Enquirer: 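Structure below; questions to follow.
As the structure is a prediction and not an experimental result, all values here were calculated from the model. Lettering follows sequence order; numbering is per chain, from 1.
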Amino acid sequence: MTDATETRTPDGRPAGSDLSAQYQPGEVEQRRYETWVSAGYFTADPKSDKPPFSIVIPPPNVTGSLHIGHALDHTIQDTLTRLKRMQGYEVLWLPGMDHAGIATQNVVERQLGSQRLSRHDLGREAFVERVWQWKAESGGAILGQMRRLGDSVDWTRERFTMDDGLSRAVQTIFKRLYDDELIYRAERIINWCPRCLTALSDIEVEHSEDDGELISIRYGDGAMAIVVATTRAETMLGDTAVAVHPDDERYRHLVGTEVELPLTGRRIPIVADEHVDPSFGTGAVKVTPAHDPNDFEIGQRHHLPSLTIMDERAVVTVPGPFEGLDRYEARPAIVDALREQGRIVAEKRPYQHAVGHCSRCKTAVEPRLSLQWFVDTGPLAKAAGDAVRDGRVAIEPVELAKRYFAWVDNMHDWCISRQLWWGHRIPVWYGPDGEVVCVGPDEQPPAGEGWRQDEDVLDTWFSSALWPFSTMGWPERTPDLERFYPTSVLVTGYDILFFWVARMMMFGLYAMDGVQPFNVVALHGMVRDGHGKKMSKSFGNVVDPLDWIDRYGADATRFTLARGANPGSDVPISEEWCQGSRNFCNKLWNATRFALMNGATVAGDLPAESELNAVDRWILSRLQHVVAEVDEHFAGYEFAKVCDVLYHFAWDDVCDWYVELSKPVLSAGGPEADNTRRVLGHVLDQLLRLLHPVIPFVTDELWTVLTRAETVTIAAWPTVDPARIDDAAEEELVALQKVVTEVRRFRSDQGLRPGQRVSAALTGLGNVGIDVHETLIRSLARLDAPGPEFAATATLAVTGGVTVDLDTRGTIDVAAERARLLKDRAAAEKEAVQCRAKLDNAAFVGKAPEPVVAKIKDRLAAAEADLARIAAALEALPSA
RNA sequence: GGGCGCGUAGCUCAGUGGGAGAGCACUCGCCUUACAAGCGAGGGGUCGCAGGUUCGAAACCUGCCGCGCCCACCA
């Protein structure tokens with residue numbers, strides 16, 4: 001096979017007719033990408049006069065490799081940035097990666113685990129060094145994947161959440177928030193992962209319905225006894241009260257008294273609290289302030305002591321028979337002990353209830369009283385909500401804004417300290433006498449005996465929240481920041497609307513004095529398999545983007561993803577669809593090959609409208625509509641619709657009709673052929689530009705061969721030329737296509753081979769203004785002109801007053817033809833009946849808009865005309 | 001428990017007030033000199049169910065059934 005690159009014209013580009021018959025993406029993609037980067041097309045210039053367009057990439061975690069979800073996310077961003085580049089914007093797409101604190105630390109700890117080592121064996125410094133090594137390896141792989149995808153990112157501006165600049169930004173904003181009293185340290189109930197041994201924020205906790213056991217336990221004895229229900233019997237060791245609702249008549253006499261807590265000998269008070277739901281269980285709640293967030297609040301209201309009964313690994317620390325038991329061992333042990341005392345009143349099993357799990361390791365979270373750092377989200381979340389409410393930030397699709405509001409309007413304070421080693425260390429120092437000093441980026445930490453820095457690091461999302469401006473050099477007022485902030489659009493999945501988007505809004509508005517981090521949030525869905533199922537390793541339906549890129553090309557992979565991407569909706573993909581996308585790329589390849597073999601040109605202006613034949617005018621008119629539709633759909637982030645419009649224009653209009661119609665013109669030669677070469681070149685030129693944002697590689701390869709220009713990457717985006725919209729030509733072509741299709745249908749029904757010539761007389765073409773196209777119609781329908789011995793043996797009634805009489809002596813299948821005509825007659829009759837019924841309806845004629853009524857009348861007339869011709873054709877048919 | 005969304009062809013989905021569509025799959029016929037990763041033709045749907053609004057409903061309203069997602073401190 002001859003590859004496109006093996007034969008080249010003297011200027012180094014492949015010659016058109018030397019393109020191979022099949023597109024081979026591998027070599028093209030590698031060569032194209034190197035060209036783009038070395039030419040600097042992706043490097044943004046803050047001093048440019050062009051209007052700015054900027055996107056910061058949602059930084060992938062350094063730990064992983066890019067999965068198909070990233071491929072979708074990147075495809076959308078790359079499509080937008082390439083579109084804007086062509087539209088004349090100064091585009092910055094800023095790449096980078098996230099240090100992904102807990103996730104990365106887990107990965108490296110697992111690696112150490114295989115060598116029977118723990119992070120403590122290495123010590124903090126050596127461990128962090130080890131993580132940096134891992135980051136270098138893993139991160140490099142991700143950058144390679146981005147190149148394979150074709151990401152037009154500005155590689156000169158690549159950032160990492162742990163690099164010096166971003167660490168400085170983290171420290172700066174921490175200090176500012178601290179000084180503004182929006183960061184505080186407090187002892188609170190937090191979500192604790194007993195495996196990762198760290199605090200978690202609310203969003204790092206996933207809830208799931210687990211089977212448990214609801215047990216009713218009698219506290220106290222005799223008349224003063226009270227029964228409480230719990231799913232977590234082991235926490236009773238830490239109970240410091242029983243709570244009932246103040247209005248609950250059953251327990252009113254007990255409020256203010258004390259009961260003995262079984263197994264402990266302690267006496268605890270019975271308190272009245274509004275929080276208790278009298279209708280649930282027994283209406284009495286055991287209160288464990290140190291191990292339940294509700295109970296903690298009840299405890300605060302009633303000044304109850306908090307008894308911590310488990311350590312950080314959720315092992316019981318209360319001296320006695322249960323000491324040293326894990327929480328799940330302690331639970332049955334305690335239930336057994338209570339049962340022996342006859343205190344178990346009822347057991348309900350299984351009992352479904354929601355349990356929180358660590359989003360990283362799936363271990364059940366243990367609510368735990370702990371001293372941690374928090375962000376006071378009140379004013380920040382308010383501002384984040386208002387920015388969307390007042391329209392400064394648009395969320396696409398708008399329906400997802402409701403979820404956003406539900407989140408920011410009910411946000412709890414954000415626990416930001418993590419008991420990890422990998423991350424930004426909290427810039428707070430503690431003095432020997434209890435001093436607390438928050439250290440800014442340009443300040444020296446306090447020196448002297450006894451001072452030590454906080455051991456904890458910040459939640460990963462703390463630095464992620466600064467991403468839109470920290471990557472541009474904040475806190476300095478850099479040219480990039482002046483020029484490219486706020487970013488134009490944030491492209492990400494709806495799954496991290498809360499994790500990330502809401503936090504960027506909070507910190508962006510705060511740090512940038514009320515200027516939002518982005519103007520638009522364009523949310524896409526999750527990639528799913530061909531049956532709409534979630535991709536998961538255990539299900540075996542995971543698609544590796546590199547695998548598809550290797551086998552079908554990056555363009556095919558991107559087109560498959562973009563074809564399913566509408567705002568907020570999930571994107572189903574399958575290998576068959578990727579093959580279809582590959583076929584589409586190949587179709588473009590061959591269309592261009594045809595054009596080049598036939599001398600299509602793109603030089604100079606197009607011939608005037610008046611000089612062109614109807615077919616040329618038609619395809620140019622269609623092109624204008626396509627450009628308008630593509631613009632409209634891009635503006636709404638409806639990539640699936642963009643792809644649909646271009647797919648059908650390219651395949652149906654250009655390839656199946658225009659190219660076929662142009663063949664007889666081109667082979668005839670003369671000035672009309674010259675015009676067609678110009679129009680064909682122009683249409684392909686424009687089509688390749690329109691497709692370039694979505695499928696950059698094949699379009700650039702073809703466009704440069706076609707136009708002899710440098711690259712389509714920085715070519716101008718097509719605009720609508722209203723002068724080229726030609727309704728008359730479009731109507732003509734619709735009529736022409738109808739005639740051709742009708743004849744083809746006849747031929748197919750009759751089992752005629754494509755090469756088999758049939759003589760035919762065409763009449764009535766003038767009725768629909770296509771008499772000038774008779775030669776074309778004969779060419780496409782493979783009809784010969786009637787000779788001297790012509791005798792019509794079959795008649796085709798084409799809607800619109802066109803009749804085709806065919807001489808099919810010796811070939812016609814009378815039964816097939818009769819069946820076809822009967823079928824047509826049935827359809828026409830049904831149509832006529834429907835139209836008459838409508839027109840007989842006085843209410844319809846009276847109330848429906850005039851054009852609607854007129855349309856029905858036209859349809860009726862057409863149906864009646866069809867019926868007449870079909871009747872005549874049936875009559876003329878030889879009897880079997 | 002609260003909220004959001006979805007049920008249209010075998011599959012995945014467009015269509016949101018006036019003739020039921022696409023891709024893939026399927027059937028038939030073709031190597032017709034750009035492309036068999038192709039070309040031509042075709043079959044296939046009481047638009048989840050039941051009411052209502054309207055001259056007219058797949059679309060708007062109400063209820064029901066089924067499915068999915070998000071949020072969630074009733075022990």
Enquirer: Looking at CZ of A/F639 and CG of A/L561, how far apart are the two atoms once the value is rounded to the nearest 0.5 Å?
Expert: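 Going from CZ on A/F639 over to CG on A/L561, the span is 12.0 Å.
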Enquirer: Do A/R836 and A/E829 meet the salt-bridge criterion of a basic N to acidic O distance under 4.0 Å?
Expert: no
Enquirer: Could you state the CG-P distance from A/D784 to B/U32, rounded to the nearest angstrom?
Expert: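 In whole Å, B/U32 P and A/D784 CG are 18 Å from each other.
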Enquirer: Taking only the C1' atom of each, what is the distance from B/C47 to B/G19 in whole angstrom?
Expert: 15 Å
Enquirer: N/O contacts under 3.5 Å, protein versus nucleotides 44-48 of chain B?
Expert:
none

Enquirer: May I ask which nucleotide in the shown strands pairs with B/U27, Watson-Crick or G-U wobble, both distances under 3.5 Å?
Expert: B/A41
Enquirer: Only pairs at least two apart or in different chains count here, so list each side-chain hydrogen bond (donor to acceptor under 3.5 Å, both in side chains) that has a residue in residues 840-859 of chain A.
Expert: A/E831-A/R859
Enquirer: Could you tell me which residues satisfy ring-ring contact (aromatic ring centres under 6.0 Å, His included) with A/W657, sequence neighbours excluded, listed by chain and number?
Expert: none
Enquirer: Can you tell me the distance, in whole Å, between the CD atom of A/E817 and the P atom of B/G42?
Expert: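 From A/E817 CD to B/G42 P: 14 Å.
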Enquirer: Send over the distance from A/I203 CD1 to B/A72 C1', rounded to a whole Å.
Expert: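 Distance check: A/I203 CD1 to B/A72 C1' gives 15 Å.
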Enquirer: For B/G19, give its Watson-Crick or G-U wobble partner with both distances under 3.5 Å, or none.
Expert: none
Enquirer: With sequence neighbours left out, write down each residue that passes salt bridge (charged side-chain N to carboxylate O under 4.0 Å, His left out) with A/D656, or none if nothing qualifies.
Expert: none
Enquirer: Within a strict 4.5 Å, meaning less than it, do heavy atoms of the A/D866 and A/D824 side chains meet?
Expert: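 They are not in contact (no side-chain heavy atoms under 4.5 Å apart), so the answer is no.
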Enquirer: Distance between the C1' atoms of B/G52 and B/G56, in whole angstroms?
Expert: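 Straight-line distance between the two C1' atoms is 15 Å.
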Enquirer: Could you tell me which nucleotide pairs with B/G56 by Watson-Crick or G-U wobble geometry, both distances under 3.5 Å, or answer none if nothing does?
Expert: none
Enquirer: Please state the P separation for the pair B/C39 and B/A34 - nearest whole angstrom.
Expert: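 The same atom, P, in both gives a distance of 13 Å.
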Enquirer: When the distance from CG of A/N586 to P of B/A37 is rounded to whole Å, what number comes out?
Expert: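 A/N586 atom CG is separated from B/A37 atom P by 9 Å.
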Enquirer: Calculate the interatomic distance between A/K533 atom NZ and B/U12 atom P; express it in whole Å.
Expert: 8 Å
Enquirer: Go nucleotide by nucleotide along RNA chain B from the 5' end; which of A/K286 and A/E660 gets its closest nucleotide reached first?
Expert: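 Its nucleotide being nearer the 5' end, the pick is A/E660.
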Enquirer: Say you pick atom P in B/G42 and the same atom in B/G23; how far apart are they, in whole Å?
Expert: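 The same atom, P, in both gives a distance of 13 Å.
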Enquirer: Inspect the contact between A/E575 and A/R551 and indicate whether a charged nitrogen and a carboxylate oxygen are less than 4.0 angstrom apart.
Expert: yes
Enquirer: What is the distance, to the nearest angstrom, from the CZ atom on A/R744 to the C1' atom on B/U32?
Expert: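 Result: 10 Å.
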Enquirer: Output yes when at least one side-chain N/O atom of A/Y351 is less than 4.0 Å from OP1 or OP2 of B/A75, else no.
Expert: yes
Enquirer: Using atom names, set out every protein N or O paired with an N or O of nucleotides 18-28 of chain B below 3.5 Å, distance rounded to 0.1 Å.
Expert:
residue: B/G19; atom: N2; partner: A/E831; partner atom: OE2; Å: 2.5
residue: B/G19; atom: N2; partner: A/R859; partner atom: NE; Å: 3.2
residue: B/G19; atom: N3; partner: A/R859; partner atom: NE; Å: 3.0
residue: B/A22; atom: O2'; partner: A/H648; partner atom: NE2; Å: 3.1

Enquirer: Tell me whether A/R563 forms a cation-pi arrangement with A/Y647, defined as NZ or CZ under 6.0 Å from the six-membered ring centre and within 45 degrees of its axis.
Expert: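 The answer is yes, since A/R563 meets both limits relative to A/Y647.
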Enquirer: Would you call A/R778-A/D784 a salt bridge at under 4.0 Å N-O?
Expert: no
Enquirer: Identify whether any heavy atom of A/Y494 sits under 4.0 Å from a base atom; if not, whether one sits that close to sugar-phosphate; answer base, sugar-phosphate or nothing.
Expert: nothing
Enquirer: OP1 or OP2 of B/C39 sitting under 4.0 Å from any side-chain N/O of A/K587?
Expert: yes
Enquirer: Tell me what A/C655 touches on the nucleic acid: a base, only sugar-phosphate, or nothing, going by heavy atoms under 4.0 Å.
Expert: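 Base: the residue A/C655, judged by heavy atoms under 4.0 Å, touches a nucleobase.
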Enquirer: Could you walk me through whether A/Y404 and A/D409 pass the side-chain hydrogen bond (donor to acceptor under 3.5 Å, both in side chains) test, one step at a time?
Expert: CA-CA 8 Å; A/Y404 174 82; A/D409 294 344; over 6 Å; no
Enquirer: Once you apply the 3.5 Å cut-off to both distances, tell me the Watson-Crick or G-U wobble partner of B/U46, or none.
Expert: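 Paired with B/U46, as far as the under-3.5 Å criterion goes, is no nucleotide at all.
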Enquirer: Look through every strand shown and name the nucleotide pairing with B/C6 as Watson-Crick or G-U wobble, where both distances are under 3.5 Å.
Expert: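 Pairing partner, where one exists within any strand: B/G66.
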Enquirer: Just to confirm, is there a sub-4.0 Å distance from OP1 or OP2 of B/G38 to any side-chain nitrogen or oxygen of A/N583?
Expert: yes
Enquirer: How far, in whole Å, is B/G1 from B/U53 if one measures between their C1' atoms?
Expert: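 Pairwise C1' distance, B/U53 against B/G1, rounds to 34 Å.
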Enquirer: Is A/A406 touching bases, backbone alone, or none of the nucleic acid, heavy atoms closer than 4.0 Å?
Expert: nothing
Enquirer: For the C1' atoms, the ones on B/U33 and on B/C26, what distance do you get once it is rounded to whole angstrom?
Expert: 31 Å
Enquirer: Under the side-chain hydrogen bond (donor to acceptor under 3.5 Å, both in side chains) definition, can you give me all pairs with a residue in residues 227-241 of chain A, not counting sequence neighbours?
Expert: A/Y219-A/D239, A/R232-A/E234, A/R232-A/E366, A/E234-A/R331, A/T235-A/K286, A/D239-A/K286, A/D239-A/T288
